[in-house]
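So the structure is just underneath, and the comments pick up after that.
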Amino acid sequence: MTRRAAPTSLTILLRLASARAAVAFTLALAALASAPAPADDDPYTRARALYKDGKQDEAIASLRQQLAVHPGDDDARVVLGGMLSWRDRYDEARAVLDEALAHGPRGDVLRALINVELWSGHPERAEKLAALALEKEPNAADLRVARARALRDSKRLEEARLEVEKALSLAPGNEAALGLHQSLLGDLRTWQVDLAGSTDFFNDHRPVWWDASTSLSRHFGFGSVIFRASHAHRFGEDDNLFELESYPAIREGTYAFLSVGFSPQAILYPHARVAADLYQNLGAGFEASLGYRGLFFDSPVHILTGSFGKYFGNWFAFARAYYVLPASSGSLHLNLRRYLPDGQSYFGIRYAHGLSKEELLSSNDIALDSSDTLALEASLWITGAWTASARASAARQARAGTSDLWDYSLAAGVGYRF
């Protein structure tokens, strides 16, 4: 049997060095395993990533789990409250953020709560929260804008103007402040005059229709009152309609539309016209209305109408339906609008099946009752005093035994507040 040689001193030293290297490597692995997660792997970043990927419920659940393990984590509450409010779950968002507010008036907590109160229709509390936040950050332009929005929604227009002007002195280029300032300047002018006109062209070469109107309105504390005179020219005949309208506020979240009109000649327009709608804010961005239109020709026409809509941030999607008696015919209008930062200007698109017009004034409006209509529209504040509007539409009506009738309509208007 061959006997192994005894290790030399050099061999022993090499073995000791290898052992030390192995131990060092093992310790390094252990240190990496126990090291804190990278900053971009924190629970807030993970939740935001889930939310952005469309996994909103998972994102919310992960933050609730974070709070179950770390009940003092107000950062998680701020992120969770924001996500809940984005999904219009305002009561849940308010409860989460109020709990964080109880731990101290942090700026991010207050900002999130202000948004919740503004979006859920509670401007009085939003204003108080903004005032509290401004005590700690008097030079924060975004808080000035938030308080101005709350004051405007509370009908305290002059205070809102002063607040937004403070925001502009701090940040002259702030787009939200500029848009709000322009809107408030318009709101503070209580009189408005409008001129509008529309023209309809047809593919069967019938004479062009045209309508024109002028109106004078006055804004009061309860709402606005409008006097309008309209003139129509169709098939070589002319007619006039005079109307008085109002948009009274009944209570917070509830308002109405009332209108009564008459035509002295009653050639194209009815002898008398009445209209009424009741609008209700349902919370969580939803709004609904029910209404009636009465067109009193020699044979009266009664129209039942209703609408249902939902706000998605700066977007408003709504549907309006009409049911006409005694014809027993119905129509449906689908609308989508994108509002600009001033809160009043918008661009919109509308599809209608049935009646092509949104407001029914004459016998011709009711005659076009089986159309498919596509319309583009815009209403814009040009400055604090001037407004402009435009609409273009195309309507196709199928006719038995002949080609389809196409109605191409163009409308424009301009308004001035003083």
Side-chain angles (χ1 to χ4, degrees), residues 44 47-48 50-52 54-68 71 73-134 142-143 145-156 160 176 180 249-255 279-289 307-319 336-339 341 343-344 346:
Y44 325 118
R48 291 189 183 100
L50 287 169
Y51 197 97
K52 186 177 180 180
K55 302 175 181 178
Q56 290 90 350
D57 290 336
E58 291 182 43
I60 290 170
S62 71
L63 290 169
R64 291 197 185 280
Q65 178 62 31
Q66 170 71 7
L67 285 169
D73 189 350
D74 285 335
D75 291 333
R77 287 188 173 87
V78 171
V79 179
L80 176 58
M83 290 181 178
L84 291 168
S85 65
W86 297 337
R87 303 197 71 189
D88 299 337
R89 293 161 63 174
Y90 299 122
D91 290 340
E92 294 177 68
R94 183 181 296 110
V96 168
L97 293 168
D98 275 341
E99 190 171 353
L101 184 61
H103 300 156
R106 285 176 33 174
D108 54 350
V109 174
L110 288 166
R111 283 174 169 83
L113 258 177
I114 290 167
N115 286 333
V116 169
E117 302 301 356
L118 284 174
W119 297 341
S120 61
H122 297 91
E124 294 84 2
R125 190 182 185 218
E127 189 275 325
K128 292 177 181 177
L129 291 166
L132 176 61
L134 283 166
D142 65 319
L143 291 175
V145 173
R147 184 165 185 258
R149 290 190 187 282
L151 289 167
R152 182 195 62 180
D153 293 350
S154 299
K155 309 303 181 185
R156 295 160 62 183
L180 182 58
I250 299 173
R251 62 177 185 178
E252 185 176 337
T254 306
Y255 67 98
Y279 291 85
Q280 178 61 52
N281 182 341
L282 303 177
F286 288 97
E287 182 180 86
S289 75
S307 68
F308 184 78
K310 174 76 167 68
Y311 287 92
F312 302 89
N314 292 326
W315 294 88
F316 182 42
F318 66 101
L336 180 64
R337 291 178 179 175
R338 171 65 164 84
Y339 282 88
Q344 299 187 53
Y346 66 84

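Both backbone and side-chain heavy atoms feed into the values below; hydrogens, waters and symmetry mates do not.
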- Could you state the interatomic distance from CG (N281) to CZ (R251), rounded to the nearest 0.5 Å? 10.0 Å
- Evaluate salt bridge (charged side-chain N to carboxylate O under 4.0 Å, His left out) for R111 paired with D108, printing each intermediate quantity in order. CA-CA 5 Å; R111 283 174 169 83; D108 54 350; over 6 Å; no
- For the pair R149 and I114, evaluate side chain to side chain contact (heavy atoms under 4.5 Å, CB included) and give the outcome as yes or no after the intermediate values. CA-CA 10 Å; R149 290 190 187 282; I114 290 167; over 6 Å; no
- Task: Determine whether E92 and R87 make a side-chain contact, defined as any pair of heavy atoms from C-beta on separated by less than 4.5 Å.
- Result: no
- Rounded to the nearest 0.5 Å, how far does CZ of R147 lie from CG of L151? 5.0 Å
- Heavy atoms of A76 and Q66 approach each other most closely as CB-CG, 4.0 Å
- Which heavy-atom pair separates F308 from A288 by the least distance, and what is that distance? CD1-CB, 3.9 Å
- Task: For V109 and R77, run side chain to side chain contact (heavy atoms under 4.5 Å, CB included): C-alpha distance rounded to whole Å, both residues' side-chain angles, the deciding distance at 0.1 Å, then the answer.
- Result: CA-CA 8 Å; V109 174; R77 287 188 173 87; over 6 Å; no
- Note on the structure: Output for pair (L80 CG, Y51 OH), nearest 0.5 Å, gives 10.5 Å
- Query: Can you name the closest pair of heavy atoms from A93 and V116 and give their distance?
  - Reply: CB-CG2, 4.0 Å
- Item | P123 versus D153, closest heavy-atom pair with distance | CB-CB, 3.6 Å
- Query: What pair of heavy atoms forms the shortest contact from A284 to D88, and how long is it?
  - Reply: O-OD2, 3.3 Å
- Message: Does any part of the side chain of E287, heavy atoms only, come nearer than 4.5 Å to the side chain of Y279, both counted from C-beta?
- Response: yes
- The reported gap from CG in L129 to CG in L134 (rounded to nearest 0.5 angstrom) is 11.0 Å
- I would like to know whether D75 and R106 meet side chain to side chain contact (heavy atoms under 4.5 Å, CB included); could you show each step before the answer? CA-CA 10 Å; D75 291 333; R106 285 176 33 174; 2.7 Å; yes
- Query: Angle class for the F316/Y311 ring planes (parallel below 30°, perpendicular above 60°, tilted otherwise)?
  - Reply: parallel
- Side chains of L97 and E117: closer than 4.5 Å at any heavy-atom pair? no
- Message: Could you go through M83 and R89, starting from their C-alpha distance and side-chain angles, then the distance that decides it, and tell me whether this counts as side chain to side chain contact (heavy atoms under 4.5 Å, CB included)?
- Response: CA-CA 9 Å; M83 290 181 178; R89 293 161 63 174; over 6 Å; no
- Query: Once you round to the nearest 0.5 Å, how far does CG of D98 lie from CG of L113?
  - Reply: 5.0 Å
- Item | Rounded distance (nearest 0.5 Å) linking atom NZ of K55 with atom CD1 of I60 | 14.5 Å
- Student check: side-chain heavy atoms of F312 and L336 closer than 4.5 Å: no
- Task: Please report the closest heavy-atom contact between S85 and Y90, naming both atoms and the distance.
- Result: O-CE2, 3.5 Å
- So does D91 pair up with R94, basic N to acidic O under 4.0 Å? yes
